[in-house]
Amino acid sequence: MIIAVDGPAASGKGTIARALAAHYRLPYLDTGLLYRAVGLNVVRGGGNPSDPDDALAGCQFDDLLLGDPKLRSEDAGATASIVSAHPAVRAALVERQRDFAARPGGAILDGRDIGTVIAPHADAKLFVRASPTVRAQRRHAEMAGMGQMVSVDTLLAEIRERDRRDSTRDTAPLVQAADADLLDTSLLSIETAVQRAIALVDARMAAR
């Protein structure tokens, strides 16, 4: 069973994907970490994330980098959005993600183009979204918990810019797959959102 979970930043897709992985006992890949690793690799090497050649060179990173806590920072997320817009970077990481999805028994992947590009044949697809304001408030609470103080207005502006960049890029833009179930988490608790996600996946599997 392959489950694709797509959606914008701070929509809750990562939390939902991890919960689904635990529920169905499937391996899970946060594909956004791959792009964050590329961006961080570029910056640490003194490169420019906006430069296609620098970004492509950043794809050569050790898997140990995926465990670096700095990948969870807001700066890493913004840089990931920049490098992910380069077609060559996306092409370089496609096979890595498809190999994970092809694991015996299945897998769960979350990102922005899983259901449309990486695993268009997925057995179940979810597109998780929430309003930009709610997402900014969630990110603010998350960062405050880590001792990072950034205003909600600043985070809201960054989220809107990332949404614009992710949804308008020429290669694999952020878009809901035609056969994906929409899950809006704006007014849902984590528990309720997870329950609805499980129900949607179960319904898809029963229909198959």
Side-chain angles (χ1 to χ4, degrees), residues 1-38 63 66 77 80-81 84-85 87 89-132 134-135 138 159 162-163 165-208:
M1 177 168 64
I2 300 175
I3 301 175
V5 183
D6 290 306
S11 61
K13 69 178 184 298
T15 299
I16 288 172
R18 285 189 293 272
L20 290 174
H23 180 78
Y24 294 108
R25 298 182 180 180
L26 291 171
Y28 160 66
L29 176 64
D30 174 358
T31 64
L33 277 184
L34 300 178
Y35 292 96
R36 285 171 178 256
V38 172
D63 284 349
L66 296 176
S81 182
S84 67
V89 170
R90 304 200 72 85
L93 298 180
V94 161
E95 289 308 314
R96 194 169 188 165
Q97 297 171 72
R98 286 179 175 165
D99 286 345
F100 190 91
R103 291 187 173 199
I108 295 178
L109 297 85
D110 85 57
R112 286 170 173 74
D113 64 346
I114 309 303
T116 54
V117 176
I118 304 302
H121 58 294
D123 300 288
K125 302 178 185 180
L126 298 179
F127 189 85
V128 183
R129 72 178 184 190
S131 72
V134 167
R135 289 155 54 205
R138 289 175 180 170
I159 281 175
R162 286 178 64 182
D163 285 353
R165 189 162 52 228
D166 291 345
S167 61
T168 59
R169 64 188 179 218
D170 293 332
T171 303
L174 169 65
V175 63
Q176 180 180 344
D179 56 346
D181 290 307
L182 177 63
L183 177 56
D184 192 316
T185 66
S186 299
L187 303 178
L188 303 181
S189 66
I190 293 175
E191 294 77 12
T192 300
V194 169
Q195 290 172 0
R196 292 195 181 180
I198 291 173
L200 288 170
V201 172
D202 283 348
R204 283 285 178 174
M205 298 310 297
R208 294 177 70 89

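When a residue number appears, it is its place in the shown sequence, counting from 1. All heavy atoms count here, side chains included; hydrogens, waters and symmetry mates do not.
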- Task: Quick one: closest heavy-atom pair of A177 and G115, and the distance?
- Result: CB-O, 4.0 Å
- I190 atom CD1, over 12 foreign heavy atoms within 6.0 Å: no
- Query: Is there a donor-acceptor contact under 3.5 Å linking the side chains of S81 and R165?
  - Reply: yes
- Task: Would you indicate whether R169, at its atom CZ, is surrounded by more than 12 heavy atoms from other residues, nucleotides or ligands within a distance under 6.0 Å?
- Result: yes
- Message: Return the OG1 to CZ distance between T171 and R90, rounded to the nearest 0.5 Å.
- Response: 7.5 Å
- Message: Which heavy atom of S186 sits nearest to which heavy atom of S131, and what is that distance?
- Response: OG-N, 2.9 Å
- Message: Return the CG to CZ distance between L188 and R196, rounded to the nearest 0.5 Å.
- Response: 4.5 Å
- Does the side chain of T185 come under 3.5 Å of the side chain of R138 through a donor N or O and an acceptor N or O? yes
- Considering all heavy atoms, the nearest A101-I2 contact: O-CD1, 3.4 Å
- Of all heavy-atom pairs linking L126 and A197, the shortest is CD1-CB, 3.8 Å
- Indicate yes or no: at least one non-hydrogen side-chain atom of L174 is less than 4.5 angstrom from one of P8. yes
- Query: Quick one: OG1 on T116 to NZ on K125, what's the gap to the nearest 0.5 Å?
  - Reply: 7.5 Å
- How many angstroms lie between atom CG of L33 and atom CG of L66, to the nearest 0.5 angstrom? 6.0 Å
- Specify the closest pair of heavy atoms between V128 and G12, including all atoms of both residues, with the distance to one decimal. CG1-C, 4.2 Å
- Query: Would you say the side chain of Y24 lies within less than 4.5 Å of the side chain of V201, judging by non-hydrogen atoms?
  - Reply: yes
- Query: Would a 4.5 Å heavy-atom cut-off, applied to side chains only, mark Q176 and D6 as touching?
  - Reply: no
- Without swapping roles, check the side chain of R129 against the backbone of D184 for a donor-acceptor pair under 3.5 Å. no
- Do R204 and I3 have side-chain heavy atoms sitting under 4.5 Å apart? no
- Message: Using 0.5 Å steps for rounding, measure from the NZ atom of K13 to the CG atom of D30.
- Response: 7.5 Å
- Item | Taking every non-hydrogen atom, the tightest pair across V38 and V89 | CG1-CG1, 4.4 Å
- Item | L20/Y28 under side-chain contact (heavy atoms from CB on, under 4.5 Å): CA gap, chis, key distance, verdict | CA-CA 9 Å; L20 290 174; Y28 160 66; over 6 Å; no
- Point-to-point distance, once rounded to the nearest 0.5 Å, from CD1 of I108 to CE of M1: 6.5 Å
- Any side-chain heavy-atom pair of V117 and R98 under 4.5 Å: yes
- Item | Any donor-acceptor pair under 3.5 Å from R135 side chain to A9 backbone | yes
